[in-house]
2 protein chains.
Amino acid sequence: MTDRLSRVFAALADPTRRDMVARLTEADSTVNDLAAPYDVSLQAISKHLKVLEDAGLVSRSREAQRRPVHLEAEVFDLMTKWIERHRQRAEERFSRLDDVVAQMNEDGTTAPATRTPQEGTAS
Amino acid sequence: MTDRLSRVFAALADPTRRDMVARLTEADSTVNDLAAPYDVSLQAISKHLKVLEDAGLVSRSREAQRRPVHLEAEVFDLMTKWIERHRQRAEERFSRLDDVVAQMNEDGTTAPATRTPQEGTAS
DNA sequence: CTGCTTGTCAACCATTGGGTTGAACAAGGG
DNA sequence: CCCTTGTTCAACCCAATGGTTGACAAGCAG
């Protein structure tokens, strides 16, 4: 099986699952209630829940015939940590680059283009 | 076509791609150099890069025959924003729950239901 | 017991995803 | 001008994913 972080990212790579997670931040829910807004079968939602559960994003208990779904919000930390760690490294590097540029400007060397903004194509 | 956020999450759901991103935080790189550590064909890496590019996580320019790959770190914000928004909502809810429990313990009432939350919906 | 509600399991199908190999293209450097 | 380097395109394979339908387990309500 793939590692935890991969499963979490993969789980959130689906809009329906992200929406389910979003709704679960408001309240625990049963499978039926969760499924209501979407135009797919209950079984499909059940599968989505399995994905979320395997990723550790939700847990399910038992309550009569119902299986309340509960969000495990701590898992967010796993992603945040990864992202922030790398964002930080990237930013450190940029500031290092800025230093180089500043240095060159001081020396009176030919001013190179500063960091190109160059936004990706709109999608 | 899936939405941007989905593509970003999907792109990072693969360990090889995450590792490439990690290495790109240190320095821009050519496809060949990027591919070196992995035990797959160059074409496979090229595909991975396409995924990262479609997600807006990297951009490629041209430099002689080389195609330097550059990390677009701002995209991290997209994820961070989504994650933090929902983490926060979940936490607010937890503290609200704590309030309810505290309330019940104080005056022994049943189901207070003060403070109807009803936040704006978002995906 | 019967029957409705809630949810899962199993089998199946179409699409996507990650990998391969082989050929092609782009841009210098002899 | 051809050759080498760097990278991508195209066709193909196989496993995984997201969806379907049909059957069935588990509880509560009659």
Side-chain angles (χ1 to χ4, degrees), chain A residues 1-21 23-24 27-71 121 123, chain B residues 1-24 27-71 123:
Chain A
M1 272 294 173
T2 41
D3 64 296
R4 177 77 175 272
L5 195 48
S6 295
R7 289 197 309 263
V8 175
F9 277 126
L12 293 180
D14 182 291
T16 302
R17 284 193 298 255
R18 262 195 330 273
D19 192 62
M20 292 197 280
V21 166
R23 293 170 55 215
L24 285 168
D28 290 6
S29 176
T30 68
V31 179
N32 255 300
D33 288 353
L34 263 183
Y38 314 113
D39 193 23
V40 296
S41 68
L42 197 63
Q43 290 93 322
I45 299 299
S46 194
K47 279 195 188 181
H48 279 309
L49 277 172
K50 191 160 184 340
V51 173
L52 289 173
E53 190 176 26
D54 288 348
L57 275 159
V58 306
S59 62
R60 285 129 119 191
S61 45
R62 159 141 268 155
E63 186 183 281
Q65 324 95 302
R66 254 151 270 119
R67 319 278 331 264
V69 182
H70 173 77
L71 183 67
T121 60
S123 53
Chain B
M1 291 276 179
T2 42
D3 64 297
R4 176 77 174 271
L5 195 48
S6 296
R7 290 197 307 264
V8 175
F9 276 124
L12 292 180
D14 182 289
T16 302
R17 282 192 300 254
R18 270 202 315 281
D19 193 61
M20 290 196 281
V21 166
R23 293 171 53 217
L24 285 168
D28 291 4
S29 177
T30 69
V31 179
N32 252 303
D33 287 354
L34 264 182
Y38 315 112
D39 194 21
V40 295
S41 67
L42 198 62
Q43 291 93 322
I45 298 299
S46 193
K47 281 195 188 180
H48 279 310
L49 276 173
K50 189 160 184 339
V51 173
L52 290 173
E53 189 176 26
D54 289 349
L57 275 159
V58 306
S59 61
R60 286 130 119 191
S61 45
R62 179 166 278 285
E63 186 182 280
Q65 322 95 304
R66 256 150 270 121
R67 321 270 345 256
V69 181
H70 172 77
L71 183 67
S123 51

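In what follows, every chain begins at residue 1, and chains take the letters A, B, ... in the order their sequences are listed.
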Let's see if you can work this out: which of [options] has an atom nearest to the side-chain heavy atoms of [X]?
X	options	answer
B:Gln65	D:dG27, D:dT8, C:dA27	C:dA27
B:Arg17	C:dT6, C:dT21, C:dG18	C:dG18
B:Val51	C:dG18, D:dG19, D:dC9	C:dG18
A:Ser46	C:dG18, C:dT21, C:dT8	C:dT8
A:Val31	C:dG7, C:dT20, D:dT8	C:dG7

Calculate, to the nearest 0.5 Å, the distance between atoms CG and CG belonging to A:Asp14 and B:Leu5 respectively.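 That separation rounds to 11.5 Å.
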Roughly how far apart are B:Lys47 NZ and B:Lys50 NZ, rounded to 0.5 Å?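 Answer rounded to 0.5 Å: 10.5 Å.
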Side-chain N or O of [X] less than 4.0 angstrom from OP1 or OP2 on [N]?
X	N	answer
A:His48	D:dT17	no
A:Arg66	D:dC28	no
B:Thr30	D:dG6	no

Does a distance-only test, which skips hydrogens and angles, find a donor-acceptor pair under 3.5 Å between the side chain of [X] and the base of [N]?
X	N	value
A:Lys47	D:dG19	yes
B:Gln43	C:dG22	yes
B:Glu63	C:dG28	no

Whole angstrom is fine here: how far is it from [atom1] in [X] over to [atom2] in [N]?
X	N	atom1	atom2	result
A:Arg67	C:dT5	CZ	C1'	15 Å
B:Leu42	D:dT8	CG	P	8 Å
A:Met20	D:dG18	CE	C1'	11 Å
A:Asp33	C:dG7	CG	C1'	13 Å
B:Asn32	D:dT4	CG	P	17 Å
B:Asp39	C:dT20	CG	P	8 Å
B:Leu49	C:dG17	CG	C1'	16 Å
A:Lys50	D:dG19	NZ	C1'	17 Å

Report yes if some heavy atom in the side chain of [X] is under 4.5 Å from a heavy atom in the side chain of [Y]; otherwise report no.
X	Y	value
A:Arg18	B:Phe9	yes
A:Arg62	A:Arg67	yes
B:Thr30	B:Glu63	no

If each of B:Ser29 and A:Ser41 is mapped to the nucleotide of DNA chain D with the nearest heavy atom, which maps nearer the 5' terminus, i.e. the 5' end?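 In this pair, the answer is B:Ser29.
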Which residue lies more 5' along DNA chain D, comparing A:Asp14 with A:Arg62 via nearest heavy atoms: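 Closest to the 5' end, via its nearest nucleotide, is A:Asp14.
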Just by modelled atom types, is the A:Ala10 backbone N or O under 3.5 Å from a matching donor or acceptor in the A:Arg17 side chain?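 Confirmed, A:Arg17 side chain pairs with A:Ala10 backbone.
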